[in-house]
**Student:** 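My questions all concern the structure below.
The sequence lines fix the lettering, A, B, ..., with proteins before strands; numbering per chain opens at 1.
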There are 2 protein chains.
Amino acid sequence: MASIRDVAQKAGVAVSTVSRVLNNNGYVAADTRQKVLHTMEELDYMPNEVARNLFYNRTNFIGVMVPDIAHPFYATVIKYIEKELYHHGYKVVLCNTVEKSDREKEFVDMLRRHIVDGIIMGAHSLEIEKYRNLNLPVVALDRIIEGLPNICVDHCKGGRLAAEALLHSGCRNVVQVMGYRKVQSYSEQRHIIFSEVMKSHGVQVNSVELAWNLFDFQEYINVARKTLDDMPDVDGIFATDMVAMAFIKLLLERGRSIPEEVRIVGYDGTSYAESCSPSLTTIVQPMAELGKTAADAVLKLIGGQTLETDQILLDVELRQGSTTFS
Amino acid sequence: MASIRDVAQKAGVAVSTVSRVLNNNGYVAADTRQKVLHTMEELDYMPNEVARNLFYNRTNFIGVMVPDIAHPFYATVIKYIEKELYHHGYKVVLCNTVEKSDREKEFVDMLRRHIVDGIIMGAHSLEIEKYRNLNLPVVALDRIIEGLPNICVDHCKGGRLAAEALLHSGCRNVVQVMGYRKVQSYSEQRHIIFSEVMKSHGVQVNSVELAWNLFDFQEYINVARKTLDDMPDVDGIFATDMVAMAFIKLLLERGRSIPEEVRIVGYDGTSYAESCSPSLTTIVQPMAELGKTAADAVLKLIGGQTLETDQILLDVELRQGSTTFS
DNA sequence: CTGAAAGCGCTAACAG
DNA sequence: CTGTTAGCGCTTTCAG
């Protein structure tokens, strides 16, 4: 593999001259430039990015940590992170943290090891404590980590919209399925609001907790089955899209009609919600915007700028499906 | 940020000594080691990975190119690629090539620019021609690119299994939905076999072609609608999981019963297939194995080894759902 | 306009 | 066992 020195030698110029035509800066005579360009072509030269990165003290990589890449929510957000970053010359380094909380600490060390220039943290960060308030280019994605700027979705509104949808559809006895409690997560706020709104209207609210925020449909089926067995009179359900689909499946199997007997509101707005039958009424998170905004935020931090606010709150909306009355 | 020189200076030793304790090689007196270790602690030292990478001429990154990260098939495969790579000290650099065929060339250049050590190519590679037979650490994932080793799924068997399932369920007039033709893809082989098997049993096969291999559910719905309008007598459908779900939705809306009137076999075995209602009979691709195998293959190439075969073929199987008779 | 030289942070001979 | 030195491939002063 030809190096800059090989090019210089063959072209009969100094390496610095080659460097100058490479980066298009400094003065270089037209014919010298041509000669160098030609030699590069001949030698099929490609600059070694690692070497320039060492000099510039950057890598053009952004680490993106998520609990599960295969979950449609994260997969979609990452798609848009990648897209935005790409337009700015950065690349995404993936880190799936599922079942490996210590991987998070390790991943954050990537910043100090100069493996990545910044981090978008979409995972539960137990070990991130020591990096708080350090003004490192790290942003939290859809979760609140003290001392880190975050890009979140208005989950309070999400919870309220879900409650209103079920209320409007005439529910009197609902159940909501919540994430794993131990993982203190801002997004779970929606369940507090949901509960408040429902109760203020005299509706009975039962809460079921998942054992773990894992993406495992069979597990969801189990939870749904147990819930329906324990509370046969439930007439409304509020849960993540995928959990909601488990309920749909079970309810249909048991011959219950949707939405006549039971109404369901999902959360996330993944493609699952629109592709299933009946299509799920769901609270949609703006995944594209979330990704783009998070990407822009780290980029800004890397550029030495500061974010105007510690929290950027994105809007949610309800997408009407066939599991509630419109 | 403290460098190795700072540590050496403060500890009163040479940089090479620090380097030795860092890498645990060469002889270092126990107390010298302690002193150095202590100083590292004090200075909160972290080695600069870019510098060592420059020396070692590697990066520990593997580029993974896919047409669409958000597609559940790719998202899942990537999850397992990441997992396997992680265990070997490598990280995944993502590249979504959707609607940007020139990004592929650029991405392949990453190899020569020393941005990544290897590439797993899960995208349609129009521009990869010049890299053929170069013995670079590049493997094709679920597609055949001449001159590149590939890890594929036995799509012929997949097509046959699908045909047999529909045959067994009594179909006499089926339609199969194929990917975009222009993108010459090995995985489309299944449709040839499918067609052959069906026809050899005297079954009428119609083929519908998608305009683009894009992941867009609304588009799938349109295709399904047009297909059902054009061929109202269809009693069997063979399509990707997501396309199959569009058919399910439309058929149910039109009051057709599944599988009594129309039977459906999906392809991919994504989580969509099991979470929808009725659950989809589908040909499942071994996504976990696919990811692990591809990762191991690039790693092997990077290690200078050669693969025993140019093609590694993984098995598929049928997962029985409720859209066919069992 | 161009070349020589120093240096980014780290590793690996090679002498002591 | 430890320090000195050269060098990975590139960029950037600094002199001409």
**Student:** Assign B:Thr17 to base, sugar-phosphate, or nothing according to its heavy-atom contacts below 4.0 angstrom with the strands shown.
**Tutor:** sugar-phosphate
**Student:** To the nearest Å, give me how far apart OH (B:Tyr56) and C1' (D:dG9) are.
**Tutor:**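 Going from B:Tyr56 (OH) to D:dG9 (C1'), I get 17 Å.
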**Student:** Side chain of A:Ala51, heavy atoms from C-beta onward: which of C:dT11, D:dG9, D:dT12 has the nearest atom to it?
**Tutor:** D:dG9
**Student:** Taking the side chain of B:Thr32 as heavy atoms from C-beta outward, which of C:dG7, D:dC1, C:dC10 is closest to it?
**Tutor:** D:dC1
**Student:** If only side-chain N and O atoms count, and only distance matters, is there a donor-acceptor pair under 3.5 Å linking B:Asp117 with B:Thr59?
**Tutor:**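 Distance-only check passes for B:Thr59 and B:Asp117.
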**Student:** If you look at every strand shown and take non-hydrogen atoms under 4.0 Å, does A:Asn25 touch a base, only sugar-phosphate, or nothing?
**Tutor:** sugar-phosphate
**Student:** Using whole Å, what does the distance between atom C1' of nucleotide D:dC1 and atom CG of B:Asn23 come to?
**Tutor:** 17 Å
**Student:** If you assign A:Ser3 and B:Ala14 each to the DNA chain D nucleotide with the nearest heavy atom, which residue ends up on the more 5' nucleotide?
**Tutor:**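 Nearest-nucleotide comparison on DNA chain D picks B:Ala14.
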**Student:** Looking for any heavy atom pair under 4.0 Å, which part of the strands does A:Val13 touch: base, sugar-phosphate only, or nothing?
**Tutor:**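 Counting heavy atoms under 4.0 Å across all strands, the contact made by A:Val13 is with sugar-phosphate only.
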**Student:** Does any donor-acceptor pair link the side chain of A:Ser16 with the base of C:dG3 at a separation under 3.5 Å?
**Tutor:**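 Per atom types, the contact qualifies.
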**Student:** Please give, in whole Å, the distance from D:dA15 P to A:Tyr27 OH?
**Tutor:** 19 Å
**Student:** Does A:Tyr45 have a side-chain nitrogen or oxygen under 4.0 Å from the phosphate oxygens OP1 or OP2 of D:dG9?
**Tutor:** no
**Student:** Within the 4.0 Å heavy-atom criterion, would you say A:Asn57 contacts the bases, only the backbone, or no part of the nucleic acid?
**Tutor:** nothing
**Student:** Distance check needed: D:dC10 C1' versus A:Met46 CE, whole Å only.
**Tutor:** 16 Å
**Student:** Output the single nucleotide from D:dC10, C:dC1, C:dG9 whose closest atom is nearest the side chain of A:Ala29.
**Tutor:**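 The nucleotide sitting nearest to the side chain is C:dC1.
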**Student:** Please report the distance, rounded to the nearest Å, between CG in A:Asp6 and C1' in D:dC8.
**Tutor:**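 In whole Å, D:dC8 C1' lies 13 Å from A:Asp6 CG.
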**Student:** Both B:Ala30 and B:Leu54 contact DNA chain D. Taking the nearest nucleotide for each, which residue is further toward the 5' end?
**Tutor:**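 The residue closer to the strand's 5' end, by nearest nucleotide, is B:Ala30.
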**Student:** CZ of A:Arg58 versus P of C:dG9: gap in Å, rounded?
**Tutor:** 15 Å
**Student:** Scan B:Arg20 against the nucleic acid and name what it touches under 4.0 Å (heavy atoms): base, sugar-phosphate only, or nothing.
**Tutor:** base
**Student:** Take the protein atom CG of B:Asn48 and the nucleotide atom P of C:dG7, then report the distance between them rounded to whole Å.
**Tutor:**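 Answer to the nearest Å: 18 Å.
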**Student:** Taking atom OH of B:Tyr45 as the centre, report whether more than 12 heavy atoms of other residues, nucleotides or ligands fall under 6.0 Å from it.
**Tutor:** yes
**Student:** If the threshold is 4.0 Å, N to carboxylate O, is there a salt bridge linking A:Glu84 and A:Lys79?
**Tutor:**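 Result for this pair is no, no salt bridge flagged.
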**Student:** Rounded off to whole Å, could you give me the CZ-to-P distance for the A:Arg112 and C:dC10 pair?
**Tutor:**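 For the pair A:Arg112 CZ and C:dC10 P, the rounded distance is 12 Å.
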**Student:** Does either side chain, that of B:Asn96 or that of A:Glu82, offer a donor lying less than 3.5 Å from an acceptor on the other one?
**Tutor:**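 Looking only at side-chain atoms, A:Glu82 and B:Asn96 do not form any donor-acceptor pair under 3.5 Å.
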**Student:** Would you say A:Arg5 reaches D:dC8's phosphate, i.e. side-chain N/O to OP1/OP2 under 4.0 Å?
**Tutor:**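 True: A:Arg5 side-chain N/O within range (under 4.0 Å) of D:dC8 OP1/OP2.
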**Student:** Does the pair A:Glu289/A:Lys292 count as a salt bridge with the N-to-O cut at 4.0 Å?
**Tutor:**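 Judged by the 4.0 Å cut-off on N to carboxylate O distance, A:Glu289 and A:Lys292 do not form a salt bridge.
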**Student:** Could you tell me the separation between the NE2 atom of A:His114 and the CG atom of A:Asn53, rounded to the nearest 0.5 Å?
**Tutor:** 11.5 Å
**Student:** Can you see if the side chain of A:Asn53 gets near the phosphate of C:dC8 - specifically, an N or O under 4.0 Å from OP1 or OP2?
**Tutor:** no
